[in-house]
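Note that the structure is a prediction, hence the values are computed from the model and not measured. We number each residue from 1, following the sequence as shown. Numbering of ligands and ligand atoms starts at 1, following listing order.
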Amino acid sequence: MNLVVVSNRVARGKANEPMTGGLAAALLPVVENSGAIWVGSSGRVRDGVHKEPFAEIEALGSGALATLDLPAAHYGGYYEGFANSALWPALHSRSDLISTSQGDYLSYREVNAFMARALLRFRRTGTVFWVQDYHFLALGAELRELGVTEPIGFFLHTPWPTACVIEGVPHHRELVEAMLDFDLIGFQTAQDCDNFAAYVREALGLVVHDGIVVSQHGRTRLQVFPIGIDAEKFAGAAAKAISHPDVSRLRRSLNGERLAIGVDRLDYSKGLVNRIHAFDRMWASNPALVRSVSLLQIATPTRGGIEAYGNLQSEVARLVSDVNGRHGEVDWTPIRYLNKGYGQAVLAGLYRTAQIGVVTPLHDGMNLVAKEYVAAQNPADPGVLVLSKFAGAANELDTALLVNPHDIDGMARVLAMAAAMPLTERRMRYEAMMDQLKRHSIQDWFADFIRALQDSENDGAARAGSAPWQRRGTVHGIARH
Ligand code: F6P
C-alpha cells in the first residue's frame, strides 16, 4: 500500500522542537514508522495559483515529508478566513464567533483544489489517501473531480457540533455533500459521529444505516476512532526529562509547594479565562492554598491575525496580572504565565513535576495534553488530572476528576480536592487511566483507521454492485471554481 497522509500542519522528526497542536505531534511517530508520505503546508506562500504545485520533499523515518507553498492569493482566506473564522468556531460550538465571507469560502475551495492537484504527484498503484482535519473537508471531492478512484479516508480531530450550529457555517450543505466523497469519515467520539449522522439525515434527507451513508456519491462509512498516544514511550521520555535544565530549574523553584500545570494553544476553546477564574476562586476560598499551590500556565500564541485570538490574548494577560496582584506575595507568584512553546521532551518533564494537570477546555475534539499528563506521571507518586467533561478525552479518562468548565465554583472546589488527594486514591485513578491509554495507543488508532478504510472500499463496491470509479461520478451541489 502507498499511503499518502495529508494535513495542513506537519511536523518534522525533532523531539526537541516546539510543536503547535496535537495533530502534528500525534501523527509524527506513526507516520515515521509507516513509510507513508506526509503532505502538508510549508507555512510559506507562493504567487501564481495556476502554476504546478511545488513540493519540497525530505526523508521522514521510513517514509517522506512533502511540504507545499500554498497559493499566496488564497492563503489568508483559506486559513485565517474560512478554516479558522468559520469552521473552527462552529466546530467548537461558538457560532457567535463565526466571521467569514464569500471570498474566504472560495479561497478555501481553491486551496483544497490546489492540494488535490499536488497530491496527484504521489499517486501510484495501490495508493490510499488519508486526509486530516477541517482544513480539507472538500479535498475528497476535489480528488474525485480529478479522476481519483482510490480509497480516500478523512479524520476529524475537532468535535462535530449539532446541526443548528453547523448550519451557521455558510455553504455548510455543499461542504457536507463534498465530504460524502470520502469512503470513510472518522470522528473522535460517538457524540461527534451521531451529530454528523443527524445532520446528514435531517438536512440532506439521506439514509444512514449501520454507520453507512448512502448518497449519490456512493457509500461513506462513519466511524469513531478516539486518537491515542504512545503512553509507554511518553512515560520513558518523562522519566528521562527530569534532568533537563528547564525541568530541574522548575523543581528547584518550587520549595515544596504543589504545582498545577496547564499547556494549551491560546485558543478560546481551551477555557483559559474560566480556568484562571477558578484558581482565583480557589485561593480566595482556601487561604491555606495561597503559597502552597501555584499554577504554571503555558499558553502558546496561535492565529494572531484573527481578532478573536488577539482579544483573548489581551484578556488572559490582564486576568493573570489581576490574579497575581490579588494573591501574590513578595516572594511568591500564584500564576507563572508563559507565551511560548516547548518540545515534547521538556513538556514530558514539566508534566511529571506537576502534582495537578489542568485540562479544562470548553470543547475539545480529544485533547492529547490530558493523555500525555497521565502518561508522564511517576507511578509511585502520580499527580491528579482535572479534566473538562467536554474534552473528548473524558470519555476514556473517566477516573480523572471531571469538571464542568463553566462552573467556576465547582472547578475551584475540585482543584482544592486535587491538591489534597491521598496517595492511594491518586494511584488508583492513575492506574485505571494508564491501563486505558496502553490499551488504545496511537499505533492502534492508525492501524484501525487504515483497516477500516480498506474494508470500507470493499463494502462500498460490493454493496453498490459497481466499481468505485462508477459510484463516484457526478458531484451534485458542489460549487466548482
Ligand atoms: O483539530 C485539532 C488541530 O488540528 C490541532 O492539531 C491543532 O490544535 C489545531 O487543530 C490546528 O492548529 P493550527 O491552526 O495551529 O495548525
Side-chain angles (χ1 to χ4, degrees), residues 5-12 17-31 38-45 67-68 70 75-94 97 104 108 111 115 130-137 139 154-161 185-189 192 196 225-229 262-272 298-306 308-310 312-313 339-342 344 347 359 361-372 388 390-393 442 445 449:
V5 175
V6 193
S7 62
N8 177 66
R9 192 180 281 279
V10 297
R12 290 188 166 76
E17 268 182 15
M19 266 190 244
T20 307
L23 183 158
L27 282 181
L28 181 61
V30 274
V31 172
W38 188 1
V39 186
S41 158
S42 62
R44 293 181 302 268
V45 294
T67 50
L68 301 174
L70 296 183
Y75 186 75
Y78 150 75
Y79 179 76
E80 289 184 341
F82 201 76
N84 287 313
S85 298
L87 291 171
W88 180 270
L91 293 167
H92 292 83
S93 297
R94 288 296 305 268
L97 294 178
D104 288 347
Y108 179 86
V111 171
M115 181 58 88
W130 185 2
V131 180
Q132 311 286 330
D133 232 357
Y134 63 100
H135 307 88
F136 291 119
L137 297 182
L139 186 50
F154 173 81
F155 185 78
L156 182 69
H157 291 256
T158 68
W160 185 274
I185 302 180
F187 298 91
Q188 299 276 26
T189 70
D192 302 325
F196 186 87
F225 301 88
I227 194 167
I229 62 167
V263 177
D264 306 82
R265 282 182 313 106
L266 232 173
D267 191 292
Y268 47 79
S269 65
K270 303 297 180 184
L272 290 169
I298 296 173
T300 319
T302 180
R303 306 174 192 169
I306 301 175
Y309 288 80
L312 178 72
Q313 194 161 356
N339 289 143
K340 58 182 171 185
Y342 286 87
Q344 289 289 98
L347 281 178
V359 181
L362 307 181
H363 260 293
D364 217 330
M366 175 55 65
N367 198 304
L368 294 179
V369 170
K371 295 189 171 182
E372 289 169 356
S388 164
F390 303 124
I442 183 77
W445 173 81
F449 189 95

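You'll find the side chain of Leu347 reaches within 4.5 Å of the side chain of Ile298, heavy atoms only.
Counting heavy atoms closer than 4.0 Å to ligand 1, residue Gln132 contributes nothing at all. Contacts between Phe155 and ligand 1, counted as non-hydrogen atom pairs separated by less than 4.0 Å, are absent for every part of the residue.
Close approach of ligand 1 to Tyr79 is summarised as follows: ligand atoms under 4.0 Å from at least one heavy atom of the residue are 13 (P), 14 (O), 15 (O), 16 (O). Heavy-atom proximity to His157, at under 4.0 Å, picks out these atoms of ligand 1: 1 (O), 2 (C). Each of the atoms 15 (O) of ligand 1 lies under 4.0 Å from some heavy atom of Thr302. If you number the atoms of ligand 1 from 1 as listed, the ones under 4.0 Å from a heavy atom of Thr158 come out as 1 (O). Those atoms of ligand 1 that come under 4.0 Å of a heavy atom in Leu23, given as number and element, are 4 (O), 5 (C), 6 (O). Using a 4.0 Å cut-off to heavy atoms of Asp133, the atoms of ligand 1 that qualify are 1 (O), 2 (C), 3 (C), 4 (O), 10 (O).
At a 3.5 angstrom cut-off on N or O pairs, Asn8 does not count as close to ligand 1. For ligand 1, the polar-atom distance check finds an N/O of Arg265 within less than 3.5 Å of one of the ligand's N/O atoms.
Proximity annotation for atom 9 (C) of ligand 1: of Met366, Gln188, Arg303, Arg303 comes nearest, heavy atoms only.
We find that Arg303 and Asp267 are joined by a salt bridge, their nearest charged nitrogen and carboxylate oxygen being less than 4.0 Å apart.
Distance check: Leu156 CG to Ile185 CD1 gives 9.0 Å after rounding to the nearest 0.5 Å.
None of Phe196, Phe449, Phe225 except one satisfies the ring pair (Phe, Tyr, Trp, His ring centres under 6.0 Å) rule with Phe187; the exception is Phe196. Partner Tyr134 forms a ring pair (Phe, Tyr, Trp, His ring centres under 6.0 Å) with one of Trp160, Phe155, Trp88 and no other, that one being Trp88.
Checking side-chain atoms of Asn367 against main-chain N and O of Ala393 turns up no donor-acceptor pair under 3.5 Å.
A tilted orientation is assigned to the rings of Phe82 and Tyr108, their planes being inclined by 30° to 60°.
Tyr309 and Asn84 share no donor-acceptor pair across their side chains, judged by distance under 3.5 Å alone.
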